[in-house]
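Computed from a prediction, not measured in an experiment: that's the story for all the values here. Note that ligands are numbered from 1 as they come in the structure, with each ligand's atoms numbered from 1 the same way.
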Amino acid sequence: MRIIAHLDMDAFYAAVEERYTPALRGRPVVVGADPKEGQGRGVVTTANYAARRYGIRSAMPISRAWRLAEAARRRGEPEAVFLRGNYRLYREVSERIMPLAARGADAWEEASIDEAYLELSSLGDFDRAEAHARALKAEIREQEGLSCSMGIGPNKLVAKIASDHRKPDGLTVVRPEEVQGFLDPLGVRVIPGVGPKTEEFLHDKGVRTIAALRAVDLATLTGWFGRWGEDLHRKAHGLSDSPVSNAWEPKSIGEQETFEHDTLGAGFVLERAQTLAAAVFERLLAEGFRAFRTVTVTVRFADFVTTSRSHTRRTPLTTREALHGEALRLLLPFLDARENPRRKAIRLIGVRVEKLLREDDLDRSPALLALEGTP
Ligand code: TTP
Ligand code: MG
């Protein structure tokens, strides 16, 4: 059984500002562009919870945030403070929090400046994981004077949705048998990767909650979203097997083979290419990736002249057959006059995949990007 926790600092940049400038404490704080008395361009980076009560949110035009703050001031509510932000300070605080989060976890992953995943499976049960999370929250409060929200679940997806469920200073534990009941009433927007456009698209189809999304069959979802529909289907069921890891990402995975004898036998070369493609695909999955966009083949001729050909797809490829097909298409010209006019025998071939994607990356597949627009 996996037990995963997700930690997300509350109103992080704004909370750090309050922590280091006592005069700001308890006041509405907005970090972002210069509002220039309502004429400013640019957006809100974040707002503390006092400013959120005025309706101010991340990514909102700063001019609108200014008007909301002015309206509140005219109602006699506390005046908001607008700050440009001190990113070096936020980075320093983050670099002190991450080691606290990492301590005692089987593995950890820094997901952003204010977010981390913790693998707590070795604790063995959710009660111990909950106690661990409480202790960590207390430690961060004591050492940094900051609050965070945490979620615990049987995978990263559920843990992340849970940490966002009660903010600020929340702790939400979702045991495996509770996953469906927890997710079902929530809006589709809580699913990482579902932005405003996808949400609107789903609303138009009458799909508002995760329960409703779960009821949509896989074929319909892939019809709407292509390959990403499969991930959405799994997410609606609360499924995810993405590992918790800060591991360095290999940029490519490849295999090559030197033949016993130099050859131009098409049947033999293509059969070896198929075997190499299968081996590469196995490693791709074994290293936790789900898809790739680039396939490269390398050919070394008997005279040691070595050539590569690559092709990068706009849409990620996710199957062994797709890798095999792409490799063959790239190799065939080396077997005839197109890439091998002198009909040289081949000594070695290689197959490699690049632009690798994990399941989480598929959230940003072109099908989705086309819908959401490039960020
Ligand atoms: P979030 O965790 O999304 O937001 P938050 O910590 O401010 O608030 P919450 O309590 O809801 O977690 O982002 C963390 C920090 O990243 C945030 O303080 C500012 C920064 N940030 C950006 O720079 N751009 C953005 O679009 C968002 C959303 C956040
Ligand atoms: Mg946060």
Side-chain angles (χ1 to χ4, degrees), residues 5-21 24-35 40-65 68-69 80-98 100-101 108-118 133 136-137 140-141 144-152 156-157 159-172 186-187 189-199 360 363-364 369 372-375:
H6 182 257
L7 177 158
D8 189 318
M9 300 303 295
D10 298 322
F12 185 52
Y13 294 179
V16 172
E17 294 290 350
E18 281 185 84
R19 165 79 173 83
Y20 287 90
T21 309
L24 294 176
R25 286 198 198 143
R27 293 187 61 184
V29 175
V30 182
V31 177
D34 186 345
R41 296 159 62 86
V43 297
V44 173
T45 304
T46 195
N48 67 0
Y49 283 75
R52 289 183 204 188
R53 276 197 285 279
Y54 298 165
I56 298 173
R57 298 281 183 276
S58 292
M60 171 183 285
I62 201 78
S63 52
R64 176 141 178 253
L68 289 167
V81 181
F82 287 78
L83 301 169
R84 295 306 83 69
N86 178 350
Y87 299 93
R88 190 202 269 167
L89 175 62
Y90 310 148
R91 174 56 59 193
E92 281 170 13
V93 173
S94 173
E95 283 172 5
R96 289 197 301 269
I97 291 171
M98 292 296 165
L100 299 180
W108 69 290
E109 178 176 330
E110 181 173 1
S112 80
I113 191 168
D114 86 324
E115 271 178 89
Y117 289 99
L118 313 179
L136 175 57
K137 278 164 59 69
I140 292 173
R141 180 178 291 285
E144 295 298 332
L146 296 170
S147 73
C148 66
S149 298
M150 292 189 67
I152 299 176
K156 284 166 71 175
L157 170 75
K160 179 160 170 89
I161 295 173
S163 76
D164 217 34
H165 193 63
R166 263 198 54 221
K167 259 185 165 289
D169 204 18
L171 172 57
T172 302
L186 302 179
R189 185 69 184 274
V190 306
I191 297 176
V194 173
K197 303 278 175 50
T198 309
E199 180 184 42
D360 291 351
D363 290 346
R364 298 184 183 283
L369 288 178
E372 293 289 351
T374 313

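Atom OD1 is the N/O/S atom of Asp8 found closest to the Mg ion (ligand 2). Asp114 has its closest N, O or S atom to the Mg ion (ligand 2) at the position named OD2.
At a threshold of 4.5 Å between non-hydrogen side-chain atoms, the residues Val29 and Thr21 do not count as touching. Glu115 places none of its side-chain heavy atoms less than 4.5 Å from the side chain of Phe12. At a threshold of 4.5 Å between non-hydrogen side-chain atoms, the residues Arg41 and Ser63 do not count as touching. At a threshold of 4.5 Å between non-hydrogen side-chain atoms, the residues Ile152 and Leu171 count as touching.
Distance from atom 11 (O) of ligand 1 to its nearest protein heavy atom, with residue and atom name: Arg52 NH1, 3.1 Å. Tyr13 N, 3.0 Å is the protein heavy atom nearest to atom 18 (O) of ligand 1. Nearest protein heavy-atom contact of atom 25 (C) of ligand 1 is Thr45 O, 4.1 Å.
The Mg ion (ligand 2) has no N, O or S atom of Glu115 inside 2.8 Å of it. The Mg ion (ligand 2) lies under 2.8 Å from an N, O or S atom belonging to Met9. Asp10 lies apart from the Mg ion (ligand 2) in this respect, since none of its N, O or S atoms is found at a distance under 2.8 Å.
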inquiry  = side chain to side chain contact (heavy atoms under 4.5 Å, CB included) for Leu146 and Ile97? Distances and angles first, verdict last.
reply    = CA-CA 10 Å; Leu146 296 170; Ile97 291 171; 4.2 Å; yes

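If you look at Glu17 next to ligand 1, there are no close heavy atoms at all, none under 4.0 Å. Only the side chain of Lys167 comes within 4.0 Å of ligand 1, counting heavy atoms alone; its backbone N, CA, C and O stay farther away. With a 4.0 Å heavy-atom cut-off, ligand 1 is reached by no atom of Tyr90.
Listed by number with element, the atoms of ligand 1 under 4.0 Å from a non-hydrogen atom of Thr46 are 5 (P), 7 (O), 17 (C), 18 (O), 19 (C). In the vicinity of Tyr49, heavy-atom distances shorter than 4.0 Å reach the ligand 1 atoms 9 (P), 10 (O), 11 (O).
Using a cut-off of 4.0 Å between Lys/Arg side-chain N and Asp/Glu carboxylate O, Arg19 and Glu92 are scored as not salt-bridged.
At a distance under 4.0 Å, no protein heavy atom can be found next to atom 3 (O) of ligand 1.
Between the side chain of Ser94 and the main chain of Ile113, a donor-acceptor pair closer than 3.5 Å is present. Asn48 places a side-chain N or O within donor-acceptor distance of the main-chain N or O of Arg27, the cut-off being under 3.5 Å. Listed for the Lys160 side chain is no donor-acceptor partner under 3.5 Å among the backbone atoms of Val190.
At least one N/O-N/O distance between Ala11 and ligand 1 falls below 3.5 Å. In terms of N/O distances under 3.5 Å, ligand 1 is approached by Asp114. On a distance-only criterion, Phe12 and ligand 1 share at least one N/O pair closer than 3.5 Å.
Under the 30°/60° scheme for interplanar angles, the aromatic rings of Tyr13 and Tyr90 are found to lie parallel.
Using modelled atom types and a 3.5 Å distance limit, the side chains of His165 and Thr172 yield no donor-acceptor pair.
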